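Scroll down for the structure; my scribbles are underneath it.
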Amino acid sequence: MALDENIYKLRLEKLKQIEALGQRAYPTKYEFTHTIPSILAEYSQKSAEELDQSRVNVRIAGRIMAIRLMGKAGFAHLQQGGQKLQIYVKKDAVGEKGFELYKLLDLGDHVGVSGYLFRTRTGELSIHVEEITFLSKDLLPLPEKWHGLTDVELRYRQRYVDLVMNPEVREVFLKRSKLVQSMRRFLDAHGFIEVETPMMQQIAGGAVAKPFITHHNTLDMDLYLRIAPELYLKRLTVGGFDRVYEINRNFRNEGLGWRWNPEFTMLEFYQAYTDYRGIMDLTQQLIEQAAIDVIGGTKTKWGEHEIDWAGSNWRRMTMREAIIHYWPETAGPKPTMQDFNSQDSVKTMVSRFNTAHAHVAYDPNEPVGKTIAALFEAAAEEHLTQPTIIYEFPTAISPLSKQKADEPDWTERWEIYAGQMEIANGFSELNDPEDQRRRFEQQLKERERGDEEAHQMDEDYIRALSYGMPPAGGCGVGVDRLAMLLTDSHTIRDVILFPLLRPEKVASPEDVKE
RNA sequence: GGGCGCGUAGCUCAAUUGGCAGAGCAACUGACUCUUAAUCAGUAGGUUGAAGGUUCGAUUCCUUCCGCGCUCACCA
């Protein structure tokens with residue numbers, strides 16, 4: 001990815017010539033009367049006659065995305081806010097020096113122009129320029145004009161160029177911004193307060209994942225980048241913040257893939273005096289509202305499918321029901337609810353499933369609940385395109401959730417699936433410190449068994465619960481994944497501005513200049 | 001980490017069985033005062049991702065490495 005030295009040097013030379021014309025190479029500001037989107041919005045319907053009769057003077061700034069010179073006149077397209085407007089520059093109108101400047105402009109330069117609106121012979125709304133002001137130089141050539149930038153690696157590494165060249169990429173990130181806005185507005189309106197909790201933690205808790213490790217020099221202390229804010233947010237409910245949320249990054253030191261980036265954004269919120277069902281309803285509303293705010297309706301395209309986020313289209317089923325419902329025909333008769341009750345019958349279910357479908361690993365030493373969850377993912381996840389709430393999760397994989405009163409092996413926990421992805425996870429929060437201690441101890445046994453991701457003991461968290469945490473429900477929503485679903489992006493990298501890539505060999509500017 | 005695939009000019013892509021490394025756009029010079037993929041004439045631009053090997057000869061075949069993509073495993 002060497003820079004083009006020749007073009008760089010040539011354009012530096014042009015910059016000197018531009019300065020010689022009395023323009024500043026890097027001026028500090030430009031006063032404008034309109035933006036390109038505002039002109040297009042206001043004057044797109046005006047006819048040539050209307051524009052002639054009452055002259056509209058405008059002063060705008062933009063980046064040159066196309067330029068055509070014809071002797072003593074020329075056209076260019078300026079881009080601003082993802083939209084383009086044509087300018088017409090005539091020597092008679094801008095004068096000798098103005099036209100000299102125009103001839104020194106390159107694709108990608110920023111300029112300001114003032115003049116009046118008119119329509120060209122072909123009817124295109126344009127600015128008849130009377131004055132050009134140079135604003136900033138593009139020393140490196142932009143990608144070719146009609147194929148644009150398609151190389152996926154370059155798009156991620158040089159997102160700035162991607163954003164200049166590809167309006168649909170710009171749209172995706174505008175939608176992502178609307179999504180986050182919508183979630184904040186929704187929660188604020190429901191009486192939640194936004195907080196920020198530590199991203200560097202001494203115990204990486206609140207989820208099951210491998211953390212990144214970092215080090216603080218002065219304290220000479222290893223710290224983990226957080227894998228979830230959960231335990232801190234629940235400490236805040238102990239402290240009397242009955243409704244809190246945080247939208248921020250989590251870091252998990254795991255594999256990458258179309259649904260996984262090592263750092264990802266999660267919304268987590270907790271509400272006192274409600275349970276998993278209350279939170280389930282609230283989350284469903286939040287997502288439906290987000291879809292409306294982002295796309296103006298409830299239906300989104302998802303590859304070959306259409307997802308309808310309207311409340312009436314959501315389905316709810318328990319994990320056990322889902323396994324039964326999506327049991328592959330080739331695996332023989334569907335299991336029954338009783339089959340989930342013993343280790344032997346679960347083992348039989350797994351081996352029957354494996355004859356027909358993807359392989360579910362079976363480890364007789366692991367808790368039955370863990371096996372059932374693996375079976376669910378293998379059997380059901382790929383079928384869950386429309387928004388679906390799967391509820392009642394095994395206690396073994398839910399160390400922070402309250403158990404069902406009548407079935408202690410199962411918890412009041414749910415996850416939302418859509419587009420074959422898990423996008424949210426919520427539950428009735430376990431607030432019994434004695435029970436929480438037992439769950440952590442159970443997790444420690446899993447750790448000893450070799451599961452590095454099992455939850456660690458967190459004494460301070462148990463102490464916090466010992467001061468009394470109100471009954472509460474809580475939820476985490478994967479913001480990146482929701483953004484993917486709402487923008488029909490089939491890789492998480494398309495909704496993260498600067499996704500993690502391996503380092504590249506960068507040509508330093510010194511290599512280029514002299 | 002495993003498997004499959006890709007890497008050629010600034011960008012988008014060609015190159016027959018292993019036989020002189022090319023085109024379009026971008027760039028440069030010149031002409032052109034309503035063009036829009038502007039047009040016309042000309043010029044320049046390359047360690048074919050890197051290193052090694054086979055060969056008279058390698059963009060092409062082999063090995064290793066680097067980077068990217070897809071996929072599987074672990075995970076949200």
Side-chain angles (χ1 to χ4, degrees), chain A residues 1-11 13-14 48 65-77 84-94 99 102 106-108 118-124 126 128 138-158 161 165 206-211 227-228 250-266 268 358-359 361 373-374 377 381 397 415-417 421-425 451-453 476-482 484 490-493 499 501-505 507 512:
Chain A
M1 256 158 289
L3 307 177
D4 189 312
E5 285 184 48
N6 291 335
I7 290 178
Y8 193 95
K9 283 179 180 167
L10 255 159
R11 291 191 177 187
E13 191 50 46
K14 282 184 177 181
M65 295 303 289
I67 188 162
R68 298 173 288 281
L69 175 68
M70 291 156 299
K72 298 188 179 62
F75 289 89
H77 275 97
K84 294 191 181 88
L85 180 64
Q86 183 170 258
I87 61 170
Y88 177 52
V89 180
K90 196 162 66 162
K91 193 173 179 180
D92 296 346
V94 297
F99 203 70
Y102 178 77
D106 287 303
L107 225 48
F118 78 111
R119 283 195 185 274
T120 61
R121 208 168 279 167
T122 54
E124 182 169 346
S126 308
H128 191 107
D138 175 7
L139 297 170
L140 294 171
L142 286 175
E144 185 250 8
K145 66 178 147 192
W146 74 84
H147 290 101
L149 185 68
T150 60
D151 184 292
V152 176
E153 184 186 350
L154 281 183
R155 285 190 39 229
Y156 297 149
R157 285 198 196 281
Q158 297 183 252
V161 178
M165 299 306 294
V208 172
K210 278 179 228 140
I227 56 175
N250 291 341
F251 307 86
R252 300 190 183 173
N253 205 342
E254 287 159 351
L256 302 103
W258 68 278
R259 294 175 279 189
W260 291 281
N261 196 62
E263 54 177 316
F264 64 101
T265 303
M266 185 110 126
E268 280 203 16
H359 188 70
E377 279 180 26
E381 193 170 17
I397 58 161
E415 288 184 351
I416 297 172
Y417 284 82
M421 278 189 284
E422 181 198 334
I423 55 168
N425 175 20
D451 184 349
E452 313 171 41
E453 296 179 356
V477 179
V479 174
D480 313 88
R481 289 185 175 180
L482 193 51
M484 287 168 68
H490 292 254
T491 165
I492 198 166
R493 289 177 159 190
L501 300 174
R502 283 193 174 80
E504 63 167 334
K505 287 160 273 171
V512 173

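All values derive from a computational prediction rather than experimental measurement. A, B, ... follow the sequence lines: proteins, then strands. Residue 1 opens every chain.
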How far does the [atom1] atom of [N] sit from the matching atom of [M], given to the nearest Å?
N: B:rC32; M: B:rG42; atom1: C1'; value: 16 Å
N: B:rU8; M: B:rA21; atom1: C1'; value: 8 Å
N: B:rG67; M: B:rC56; atom1: C1'; value: 34 Å
N: B:rG22; M: B:rA15; atom1: C1'; value: 7 Å
N: B:rC40; M: B:rU47; atom1: P; value: 30 Å
N: B:rU63; M: B:rA27; atom1: P; value: 43 Å
N: B:rC65; M: B:rC25; atom1: C1'; value: 34 Å
N: B:rA51; M: B:rC72; atom1: P; value: 35 Å

Establish whether the base of B:rU35 is bridged to the side chain of A:E124 by a donor-acceptor pair shorter than 3.5 Å. no
Restricting to salt bridge (charged side-chain N to carboxylate O under 4.0 Å, His left out), what partner residues turn up for [X], sequence neighbours left out?
X: A:D451; value: A:K370
X: A:E254; value: none
X: A:E263; value: A:R249
X: A:R119; value: none

Any idea which of B:rA76, B:rU33, B:rU12 is nearest the A:D151 side chain? B:rU12
The nucleotide from B:rC68, B:rC34, B:rC11 with an atom nearest the side chain of A:R157 is B:rC68
With sugar-phosphate meaning primed atoms plus P, OP1 and OP2, does [X] contact a base, only sugar-phosphate, or nothing at under 4.0 Å between heavy atoms?
X: A:L10; answer: sugar-phosphate
X: A:D92; answer: base
X: A:G478; answer: nothing
X: A:L142; answer: nothing
X: A:G148; answer: sugar-phosphate
X: A:N425; answer: nothing
X: A:Y102; answer: nothing

Interatomic distance, A:T150 atom OG1 to A:R155 atom CZ [nearest 0.5 angstrom]: 9.0 Å
How many angstroms lie between CG in A:D480 and CZ in A:F264, if you round to the nearest 0.5 Å? 8.0 Å
According to side-chain contact (heavy atoms from CB on, under 4.5 Å), who are the partners of A:V208, at least two apart in sequence or on a separate chain? A:E453
Taking the inter-plane angle between the rings of A:Y88 and A:F118 on a 0 to 90° scale, is it parallel (under 30°), tilted (30 to 60°) or perpendicular (over 60°)? tilted
If we require ring centres under 5.5 Å and near-parallel planes under 30°, does A:W260 stack on B:rA76?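 It does not: the two rings, one from A:W260 and one from B:rA76, miss the stacking criterion.
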Would you say [X] reaches [N]'s phosphate, i.e. side-chain N/O to OP1/OP2 under 4.0 Å?
X: A:T120; N: B:rU35; answer: no
X: A:K14; N: B:rC28; answer: yes
X: A:R68; N: B:rU35; answer: no

Here RNA chain B, pairs taken as Watson-Crick or G-U under 3.5 Å and shown with ( ), [ ] when crossing and | when to another strand, reads (((((((..((((.....[..)))).(((((.......))))).....(((((..]....))))))))))))....
